[in-house]
Amino acid sequence: VESDAESVASTVPDSDRGEDGPPTEPGPEESAAGPCEEKADSAPAAQELQNSLVEEQESAFPGLQPEDYRARLQAAKAVAEELRSKEPLLQNGQRTVRDNPNFVQTFFKASRLHFIGVWRERYEEILDSLPPPPPRPALRGKSVFLHIDMDCFFASVATRGRTQTFAGLPVAVAWGTGSSSEISSANYCARAYGIRAGMWAGEAFQLCPDLVVMPYEFDAIMETAELFYRSVLETTPYVQGISCDEVFADVSHLVQDDVRSWQALARKIRADIWSRSGCVASIGVAKNRLLARLATKFAKPRPGCRKCGKAALDRAGEESGLRPCDEHAGIFLLEESSECLAALPARELPGVGPESEKQLQKSGVQTVGDLRTVPLAKLRELFGEKQAQSLFRLCRGIDDRPWDPRPARKSVGAQIAWGVRFEGSEALRRFVAELTTEALRRLERHGRRGSSLTVKVWKARPDAPHCGGVGSGGCDILSRSAQFATDPGLAPAAVEATCAEAWRLCESTGATPAQVRGFGIHIGGLEKAQPSIPSLIESRKPQSLEKVILHLDVDCFFLAVHEKYDPSLKEAGPLVLWQYNDVICISPEAKAAGVKKHMRPSEAQPLVDSIGGRMVHAFSRRWPGPRVWYGPYQTISREMFAHLHRLLAEEPGGFILERLSIDEARDVSDVLAPYSPERVVCFVEAFLEASEAVAGADRYAQAKSLAQKLVTELQATIGVRVSVGIAPNRLLAKLGSIAAKPPRGDGICIVEGPDSCASPAFERLET
DNA sequence: ATCCTCCCCTAC
DNA sequence: TAAGGTAGGGGAGGAT
Ligand SMILES: Nc1ccn([C@H]2C[C@H](O)[C@@H](COP(=O)(O)OP(=O)(O)OP(=O)(O)O)O2)c(=O)n1
Ligand SMILES: [Mg+2]
Ligand SMILES: [Mg+2]
């Protein structure tokens, strides 16, 4: 075990890098530094490093001779070229949605970000095939967590089994060698030149012309990930998979309270992973997951360090009969009191990304130790409540997140922002439909139903530099969402309705087809699968009928509820309801006296006194602590809706009643697609407009008589007064119900259009 | 107080 | 040539 803990270090005399700093951002100059190697320090350091690598190769790996560095480099590039030439995904020259009729599926097959994004699906399958883990045994001694992460995972799969050729060569994984081919993983030799994941091949070749770019082999990567997980899962069922090459394991129950026992376990796991998968892992050990995650950073090989490289190579070299070596053991124990933790750049903390790093640097914070000196109040100003709490704990090594190895999925989606170019809106509409269908297929695989739909549109920035590639370039990413039910299942009508809604949201961003560089769709509000409302999609309203929407809103709802429970309030004059430091409901008389919503109660009090009214406090309860209690309002609200349903059921024709808030409802006879399952309280077979009686020229008069009936009935049975707006859409209906409020209105307001309303109150509505 | 939408940030 | 995805947390501002 390489450890910063003195007691451990003293038991592990072999370690020759325990006191070295963490491996952060090493360039070629830095990379060979430290106890591993002498320092290469001049500008042509890269060249020097390369030269020394050549020598090193020739002297250090007798098992790998007889070929020299140059010859093997050429052979390696030939292997890469051969793989590319046989790769079907690289055969056609179709790169954009315009060139390829099957663009969406081809893209996902070739996308490594899609691959690592959907890895969790396979992982869940593996877990489902195993017996469910018993509850974790009660903790007897200390907690011990491992964080296990494969070294340069994709790159190591790419070179596995090809040691004779690839040993000591700089290797990266990407589809191509062109300038804007993005690198997903670089081996530690390549990292010595500064090559990193996310970098484009163009830049990488400038740093290192010898770089060997190997193509993806997703099947091999997935199989390797499975071998990796099998190894970990056979050690303990208490694992939390983080990605295809990374896992946490709670091994508290497997070890003694003794670092030697932790070391032995980590070594065993590491050896097992290597013997099964042929790839090397690094392991962080600590008392919590946060510290274990950070420990792994110290366990990783030093870029360009020949001993680290040699260790890995020797292990890989077992193929060629070399002895496995566990110097540079790839295991690190980290404690929160460690000096190397305090010296770690704050950016290395999980949760601190590029933006937070900038924020922190503005306040002079570079390291984890610096961050510890920042008071919580200052962090709050910079980051807000939750992030401040999180940073405060992160830098102190505190991590008490609950152990939830399989958190329930909350959303599912699909997006593409590469190769997306459109000339007209028809092609964009088809693309939206394709991705929406793909997202529904993914939802269907989970058998869940969703209640919200979010679309994202990548819109090219007008000032973005024009580049020849097919990437997205500089974009603003716009999003729009709606409450919209999606059921599992791919019934054509349901798919069509979802596509229509997605298209509506896409259009509402205002991006023109020529500006669009990407599109994504996400289904959220996932619930357990339930039988849905089968008639919804089938019973589509004929398009030709004019819509009539009613918006109902109870007058002074909370006060009306108080009057029900305390009839004396009815004669008490002007009333003002308050809670905490907030006025929340005002009777018309009190309004006339100048009381405003959200006024401080102390300001409202004198106004109320001057007109002989009363301040009424919201319902509250004492137990388990003093708190406002909304129970009575909820009760009356439910009664009111139940009664509305009964009334509507007796009417000829059909209605959809949508519950908008505790006291609002509207008839959403027009709404087919954007209905929300929680909000649709009632669903009846046909629609208002479908009824002969309400359709036609006098539909507003018909709607008004319905409204009058509802108002009277609700007054009589529930004791609340409702104002109603009647209009051809929801916006106008809602405005109508405001204009209908007494004293300005008479309870019902018909708004046939924005400029055609008989009520003067409607004209006077404030912005 | 609480919910919702849009946006930003982050980890893989 | 080249495949810049998936998902969650949380803040600001607006609503009831
Ligand atoms: N920007 C990125 C980062 C990662 N990956 C893929 C390729 C990596 O091999 C794999 C695992 O990611 P890691 O962060 O664990 O990186 P590596 O395993 O490559 O290197 P390390 O040794 O630092 O873990 O995910 C990617 O495609 N693009
Ligand atoms: Mg890794
Ligand atoms: Mg990883």
Side-chain angles (χ1 to χ4, degrees), chain A residues 84 87 89-90 92-97 99-100 103-121 149 153 174-182 184 197-198 200-202 215-216 241-246 293 349-359 383-390 407 409-420 439 442 452 454 456 458 468-483 509 517-518 520 522 524-525 553 557-558 579-582 584-585 597-598 618 627-628 630 633 660-664 676:
Chain A
R84 273 193 291 273
E87 172 56 61
L89 286 168
L90 293 172
N92 58 33
Q94 305 168 322
R95 291 192 306 160
T96 73
V97 62
D99 317 322
N100 184 346
F103 178 75
V104 168
Q105 294 312 318
T106 322
F107 174 86
F108 284 131
K109 265 209 217 68
S111 162
R112 110 278 186 183
L113 288 177
H114 171 75
F115 175 88
I116 64 176
V118 299
W119 159 85
R120 185 158 288 278
E121 311 288 322
D149 186 298
F153 185 47
W175 269 131
T177 53
S179 62
S180 56
S181 180
E182 192 170 311
S184 66
W200 282 4
Y216 297 95
I242 299 298
S243 75
C244 61
D245 85 327
E246 189 172 340
R293 171 78 193 83
L349 294 171
V352 178
E355 295 303 315
S356 309
E357 182 187 31
K358 275 187 226 158
Q359 279 289 318
F383 296 97
E385 183 59 40
K386 291 289 182 71
Q387 323 245 58
Q389 291 284 348
S390 162
R409 173 181 280 273
K410 295 182 171 170
S411 70
V412 51
Q415 67 178 55
I416 298 180
W418 189 92
V420 176
R442 294 179 188 181
S452 73
T454 304
K456 276 203 281 183
W458 277 250
V470 288
S472 63
C475 285
D476 291 317
I477 302 174
L478 314 173
S479 77
R480 292 292 182 273
S481 60
Q483 292 299 310
T509 64
R517 293 287 180 275
H522 301 272
D553 186 289
F557 177 62
F558 277 25
Q579 61 171 13
Y580 305 105
N581 204 14
D582 203 16
I584 58 173
C585 187
K597 219 177 223 186
H598 301 311
R627 204 179 190 297
V628 173
Y630 298 103
Y633 314 116
L660 292 176
S661 76
I662 197 168
D663 77 330
E664 283 179 68
S676 138

Quick one: [X] [atom1] to [N] [atom2], roughly how many Å, whole number?
{"X": "N100(A)", "N": "dT1(C)", "atom1": "CG", "atom2": "P", "value": "17 Å"}
{"X": "F107(A)", "N": "dA3(C)", "atom1": "CZ", "atom2": "P", "value": "9 Å"}
{"X": "L89(A)", "N": "dT1(C)", "atom1": "CG", "atom2": "P", "value": "14 Å"}
{"X": "I416(A)", "N": "dA3(C)", "atom1": "CD1", "atom2": "C1'", "value": "9 Å"}
{"X": "I584(A)", "N": "dA1(B)", "atom1": "CD1", "atom2": "P", "value": "12 Å"}
{"X": "K456(A)", "N": "dC6(B)", "atom1": "NZ", "atom2": "P", "value": "14 Å"}
{"X": "W458(A)", "N": "dG4(C)", "atom1": "CH2", "atom2": "C1'", "value": "9 Å"}
{"X": "Q415(A)", "N": "dA3(C)", "atom1": "CD", "atom2": "P", "value": "16 Å"}

Contact pattern, 5' to 3', of nucleotides 8-14 of chain C - B, S or - by protein heavy atom under 4.0 Å: SSSS---

For [X], side-chain contact (heavy atoms from CB on, under 4.5 Å) partners two or more places apart:
{"X": "S452(A)", "answer": "Q483(A)"}
{"X": "Q105(A)", "answer": "N102(A), E438(A), R441(A)"}
{"X": "S481(A)", "answer": "T454(A)"}
{"X": "V118(A)", "answer": "H114(A), E121(A)"}

Using a cut-off of 4.0 Å on non-hydrogen atoms, how would the nucleic acid contact of [X] be classed: base, sugar-phosphate, or nothing?
{"X": "R480(A)", "answer": "sugar-phosphate"}
{"X": "T454(A)", "answer": "nothing"}
{"X": "L90(A)", "answer": "base"}
{"X": "G473(A)", "answer": "base"}
{"X": "F108(A)", "answer": "sugar-phosphate"}
{"X": "R293(A)", "answer": "sugar-phosphate"}
{"X": "N92(A)", "answer": "base"}

To the nearest 0.5 Å, tell me how far Y216(A) OH sits from L89(A) CG. 12.0 Å

Rounded to the nearest 0.5 Å, how far apart are CZ of R84(A) and CG of L90(A)? 8.0 Å

At under 4.0 Å, does any side-chain N or O of [X] touch on OP1 or OP2 of [N]?
{"X": "H114(A)", "N": "dT6(C)", "answer": "yes"}
{"X": "R112(A)", "N": "dT6(C)", "answer": "no"}
{"X": "R442(A)", "N": "dT6(C)", "answer": "yes"}
{"X": "S479(A)", "N": "dC6(B)", "answer": "no"}

Within the side chain of W458(A), is there an N or O that forms a donor-acceptor pair under 3.5 Å with the backbone of S472(A)? no

Could you check whether any side-chain N or O of E246(A) sits under 3.5 Å from a backbone N or O of D149(A), counting only pairs where one atom can act as donor and the other as acceptor? no

Pairwise side-chain contact, R517(A) with C475(A), heavy-atom cut-off 4.5 Å (strictly under): yes

Relative to the 5' end of DNA chain C, which residue comes earlier, E121(A) or E182(A), by the nucleotide with the nearest heavy atom? E182(A)

Which residue lies toward the 5' end of DNA chain C, H522(A) or G474(A), if each is placed at its nearest nucleotide? G474(A)

The side chain of A414(A) is closest to which nucleotide in this list: dA3(C), dT6(C), dC4(B)? dT6(C)

With respect to the side chain of A417(A), which nucleotide from dA2(C), dG5(C), dT6(C) is positioned closest? dG5(C)

Pair Q359(A)-E355(A), side-chain donor/acceptor within less than 3.5 Å: no

Contacts to DNA chain C from residues 349-359 of chain A, heavy-atom cutoff under 4.0 Å, which residues? none

Shortest non-hydrogen contact from A174(A) to E182(A)? CB-O, 3.3 Å

